[in-house]
Chemist: 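Here it is, the structure, as structure tokens.
Below, chains carry the letters A, B, ... as their sequence lines are ordered, and counting in each starts from 1.
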Protein chains: 2
Amino acid sequence: MKIQELADRMGLSVHTIRYYEKEGLLDERHVERDQNNYRHYSDEAIERLTLVKRFQSVGCSLTELKQILLGLDTNTTTTQQGIEWVLSKIKEIERKKEEYDQVLATLNRMLEYKVALQNGPGKEHR
Amino acid sequence: MKIQELADRMGLSVHTIRYYEKEGLLDERHVERDQNNYRHYSDEAIERLTLVKRFQSVGCSLTELKQILLGLDTNTTTTQQGIEWVLSKIKEIERKKEEYDQVLATLNRMLEYKVALQNGPGKEHR
DNA sequence: GTAAACTATAGAGTAAACTCTAAGGCAAGC
DNA sequence: GCTTGCCTTAGAGTTTACTCTATAGTTTAC
């Protein structure tokens, strides 16, 4: 598929996709060039970008993502070191999930307060 | 307490704290000025910045945070509208938590793969 | 066969959230 | 009393992740 189609399917702009390629998040398994020099994307590009979006949405920078993808692609970092990296990342994500729970708690308090205000104005305090 | 102490306690830089104040995330309940014009922070500043960090860590922009804090501070946005905003925010956070679970799943797959490689090299495939 | 729509590149511009610098005033220790 | 270190402001600089522009070639539709 060509870049515009991929962009539409992924909900990204063509600029962003080219930018990701420049940043090394896509490689020959995902993009090739037609005779006319147009980029041609494989289905693997979809998978890759889905992964990119997913990790990005939990706060990974593109630099960090490159590390992660490298870890998925090659066995180079396989060893105690690589395992420890993944473990620390897992801990980090779990901490973040706890943060989310605390934010949810705050939002729920806000909600209850607002609902109470709406239902019984004049009794706001206590 | 003075700005450096607050910064140390919160794990922020003094620059960042002044920046937050300029952006309207802190007000007279959190900062006052001594005779020498030094900023003097109340304990409420700690609570406030904790909240700021918490919401920020789940992807809220400072602009959005200002809205949230306004909603906590005043009753101005209390009405159906405000309630709906909180509800939509809660949905958003819940969606994000699901993303986190997917990322955790990916990391766990990476981990298993790496552990398997380390324990039985030569049997990487299948 | 030509206009509209898509592709390419290089590079400039933007927004958010810091981060740092300069130039100066205040304060605490020796 | 003076050096060292923290405080002030205004404003410049940085980083990240886009986002857009200019210029030009290609493809598709009528």
Chemist: In this structure, how many angstroms lie between the C1' atom of dT8(D) and the NE2 atom of H40(B), rounded?
Modeler: 17 Å
Chemist: Which is it for K53(A) and E99(B) under the salt bridge (charged side-chain N to carboxylate O under 4.0 Å, His left out) test, yes or no, and what are the steps along the way?
Modeler: CA-CA 10 Å; K53(A) 286 183 80 175; E99(B) 290 274 295; over 6 Å; no
Chemist: Taking any heavy-atom pair under 4.0 Å as a contact, classify R18(A): base, sugar-phosphate, or nothing.
Modeler: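 Base, at least one base atom sits under 4.0 Å.
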Chemist: Using heavy atoms to find the nearest nucleotide of DNA chain D for Q35(A) and Y41(B) separately, return the residue whose nucleotide is more 5′.
Modeler: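 With Q35(A) and Y41(B) compared, the 5'-side residue is Y41(B).
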Chemist: side-chain contact (heavy atoms from CB on, under 4.5 Å) between Y41(A) and I46(A): does it pass, once the steps are laid out?
Modeler: CA-CA 8 Å; Y41(A) 295 92; I46(A) 298 260; over 6 Å; no
Chemist: Could you check how far CG of D8(A) sits from C1' of dA5(C), rounded to whole Å?
Modeler: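 Going from D8(A) (CG) to dA5(C) (C1'), I get 13 Å.
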Chemist: What's the closest nucleotide to the side chain of N36(B) if the choices are dC26(C), dC18(D), dT7(C)?
Modeler: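 Nearest nucleotide to the side chain: dC26(C).
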Chemist: Between atom CD in E32(B) and atom C1' in dC7(D), what is the gap in whole Å?
Modeler: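 From E32(B) CD to dC7(D) C1': 17 Å.
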Chemist: Before accepting this row, confirm whether a basic side-chain N of the pair E92(B)/K96(B) lies closer than 4.0 Å to the acidic partner's carboxylate O.
Modeler: no
Chemist: Side-chain N or O of R39(B) versus OP1/OP2 of dT8(D): is the shortest distance under 4.0 Å?
Modeler: yes
Chemist: Rounded off to whole Å, could you give me the CG-to-P distance for the L62(B) and dT19(C) pair?
Modeler: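 Roughly 12 Å, once rounded to whole Å.
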Chemist: Contact class for Q56(B) vs. all strands (heavy atom < 4.0 Å): base, sugar-phosphate, or nothing?
Modeler: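 If one applies the 4.0 Å heavy-atom cut-off, Q56(B) turns out to touch the sugar-phosphate alone, with no base involved.
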Chemist: State the pairing partner of dC30(D); accept Watson-Crick or G-U wobble contacts with both distances under 3.5 Å, and report none otherwise.
Modeler: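 Looking at the geometry, dC30(D) pairs with dG1(C).
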Chemist: The side chain of Y38(B) is closest to which nucleotide in this list: dT27(D), dC18(C), dA27(C)?
Modeler: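 Closest nucleotide to the Y38(B) side chain: dA27(C).
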Chemist: Rounding to an integer number of Å, can you tell me how far L6(B) CG sits from dT8(D) P?
Modeler: 11 Å
Chemist: E23(B) or V14(A): which one's nearest nucleotide on DNA chain C is closer to the 5' end?
Modeler: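 The answer here is V14(A).
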Chemist: With no hydrogens and no angle check, just 3.5 Å: does a side-chain donor-acceptor pair link D8(A) and Q4(A)?
Modeler: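 There is such a pair between these side chains.
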Chemist: What's the CG-P distance between N37(B) and dC6(D), to the nearest Å?
Modeler: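 So the two atoms are 19 Å apart, to the nearest Å.
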Chemist: Rounded to the nearest Å, what distance is computed from the NZ atom of residue K53(B) to the C1' atom of nucleotide dA17(C)?
Modeler: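 Roughly 15 Å, once rounded to whole Å.
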Chemist: Taking only side-chain N and O atoms of Q4(A), does any of them lie within less than 4.0 angstrom of OP1 or OP2 on dT7(C)?
Modeler: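 The answer is yes; a side-chain N or O of Q4(A) sits under 4.0 Å from OP1 or OP2.
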Chemist: Atom CE of M1(B) and atom P of dC7(D): how far apart are they, to the nearest Å?
Modeler: 12 Å
Chemist: In terms of side-chain heavy atoms of Y19(B), which of dT9(D), dC18(C), dC7(D) is nearest?
Modeler: dC18(C)
Chemist: More 5' along DNA chain C: S13(B) or K2(B), using each one's nearest nucleotide?
Modeler: S13(B)
Chemist: Walk me through whether D43(B) and M1(B) qualify under side-chain contact (heavy atoms from CB on, under 4.5 Å).
Modeler: CA-CA 8 Å; D43(B) 285 350; M1(B) 89 201 79; 3.9 Å; yes
Chemist: Check every atom of dA17(D), dT7(C), dC7(D) against the side chain of I3(B) and return the nucleotide holding the closest atom.
Modeler: dC7(D)
